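Scroll down for the structure; my scribbles are underneath it.
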Amino acid sequence: MASRFTIKPPGDYELKRDFCSYGYFLLHPNFWDPRKLEFSRVLSLEGGPAQVRVGQPGGVGRGLSVVASRGLTGAEREEARAQLTRVLRLDEGTETIAAFHGLDERWRAAGRGRLMRSPTLFEDIIKTVTSCNVTWPSTVQMNRRLCEVLGDPVEAGGERQFSFPSAERIARARPQTLRARCRVGYRDARIVELARLFTPRGKRGPELEASWFEDLSNSDDAVFERLMELPGIGPYAAANIMQLLGRYGRLPLDTESVRHGKTILGYKGSSAQVMKKVHRHYAPFGAHAFRSYWFELWAFYESKHGPAWTWERDSTGKLFTAALLSK
DNA sequence: GGTAGACCTGGACGC
DNA sequence: GCGTCCAGGTCTACC
């Protein structure tokens, strides 16, 4: 018997705009259905994996309907609610988004402000590692295979779907397995090491506590410094994880930023020079710099491929290559 | 502190 | 269909 419940979002929340707001919405196990305007994925809950489907039948600001593939206990329902709150950034209220629009009013009319993310910091970190030094189609493949090889299966809607593997599951895997079956290449040992750092050791907790990183009372500098100490995490990845943690003051600049700086902002010079100029360009947006930067990039992608909520997960990947975007 | 080169995979391209 | 080239961020060794 399926469980059904409703989540009340902030008054300005729009599922199709706010979920389809960051590239990870196209990565397994996330699935956005452009026809039903509904998002689904398998969540890892205390009693085992369960697929959830999330829609917003009433439109902007109205309740989010959640349907689980199996009956959930009360505790599991709260667990699912908490995970979906993280994914959808429901903790960012209208006042937070209004503050952003106060600094950058270009996005006020469309209401843009929130960026989707994963149910856990661990998944966000692994997704970021799989996006480094690789073109987007490979990132899509790595995440699909990680789920299919190491995730927990769920039968839902007549097909088998998989959860994102837990830190504990990846920690038990051999690096060679990740390389051979998940095609993560040289990232194999780094991903396993990251998983071990997030896995509880006996009665002791994990070496890395997600709650410490999520705690906004810790300074940006302290969080950035600790992220930089992690295997496979450099300046770009650390800054990207910062925005996924809700700290938008730093810019994760990569080759896409250089392309944006040159073609849209009109900057000239070496990549390093353009990156410095891009940093200066967004500095006035302060604590919301990443939102301003990202929505400019996102608007560019949408100008090429239509609104993000129309993109199909399983065919959109190949559209996002540097070669095609530069045309 | 700055820089060069290796690390892997998959897409693009030429034949 | 096959071989070659290239894009992509992090890490290490070296200056």
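Here the structure is a predicted model, which is why all the values come from computation and not from measurement. Chain letters run A, B, ... following the sequence lines, proteins first, then strands; residues in each count from 1.
- Atoms CG (A:L194) and C1' (C:dT10) sit 12 Å apart, rounded to a whole Å.
- Residue A:M142 contributes atom CE, which lies 9 Å from atom P of B:dT9 at whole-angstrom precision.
- Between the P atom of C:dG9 and the OH atom of A:Y186 lies a distance of 10 Å, rounded to the nearest Å.
- Comparing C:dT10, C:dG8, B:dG10 by their closest approach to the side chain of A:R145 singles out B:dG10.
- Taking 4.0 angstrom as the limit, A:T255 places a side-chain polar atom (N or O) nearer than this to OP1 or OP2 of C:dG8.
- For A:W311 and A:W298, the gap between ring centers is short of 6.0 Å.
- Distances were taken from every side-chain heavy atom of A:S138 (C-beta onward) to each of B:dT9, C:dG9, B:dG10; the shortest belongs to B:dG10.
- One atom, CG of A:D254, and another, C1' of C:dG9, lie 9 Å apart when rounded to the nearest Å.
- Note: CD (A:E229) to P (C:dT10) measures 15 Å, nearest angstrom.
- Atom CG of A:D188 and atom P of B:dC7 are 13 Å apart (whole Å).
- Classification of the A:F19-A:F25 ring pair by plane angle, with boundaries at 30° and 60°, yields perpendicular.
- Under the 3.5 Å distance criterion, with hydrogens and angles disregarded, a donor-acceptor pair is assigned to the side chains of A:H281 and A:Y267.
- Taking atom CZ of A:R187 as the reference point, atom P of B:dA6 lies 18 Å away to the nearest angstrom.
- Among the atoms of the strands shown, only primed sugar atoms or phosphate atoms (P, OP1, OP2) are found under 4.0 Å from some heavy atom of A:L230.
- The aromatic rings of A:Y282 and A:F285 lie tilted to each other, with the angle between the two planes from 30° to 60°.
- With A:W212 as the aromatic partner, A:R226 meets the cation-pi criteria of under 6.0 angstrom to the ring centre and within 45 degrees of the ring axis.
- You'll find that the side chain of A:Y236 is closest to C:dT10, out of C:dT10, B:dG10, B:dC7.
- Along DNA chain B, the nucleotide closest to A:R190 and the one closest to A:R183 are compared, and the more 5′ of them pairs with A:R190.
- To the nearest angstrom, P of C:dG8 lies 16 Å from CG of A:N240.
- Residue A:C132 has its side chain nearest to C:dT10 when only C:dG8, C:dT10, B:dC7 are considered.
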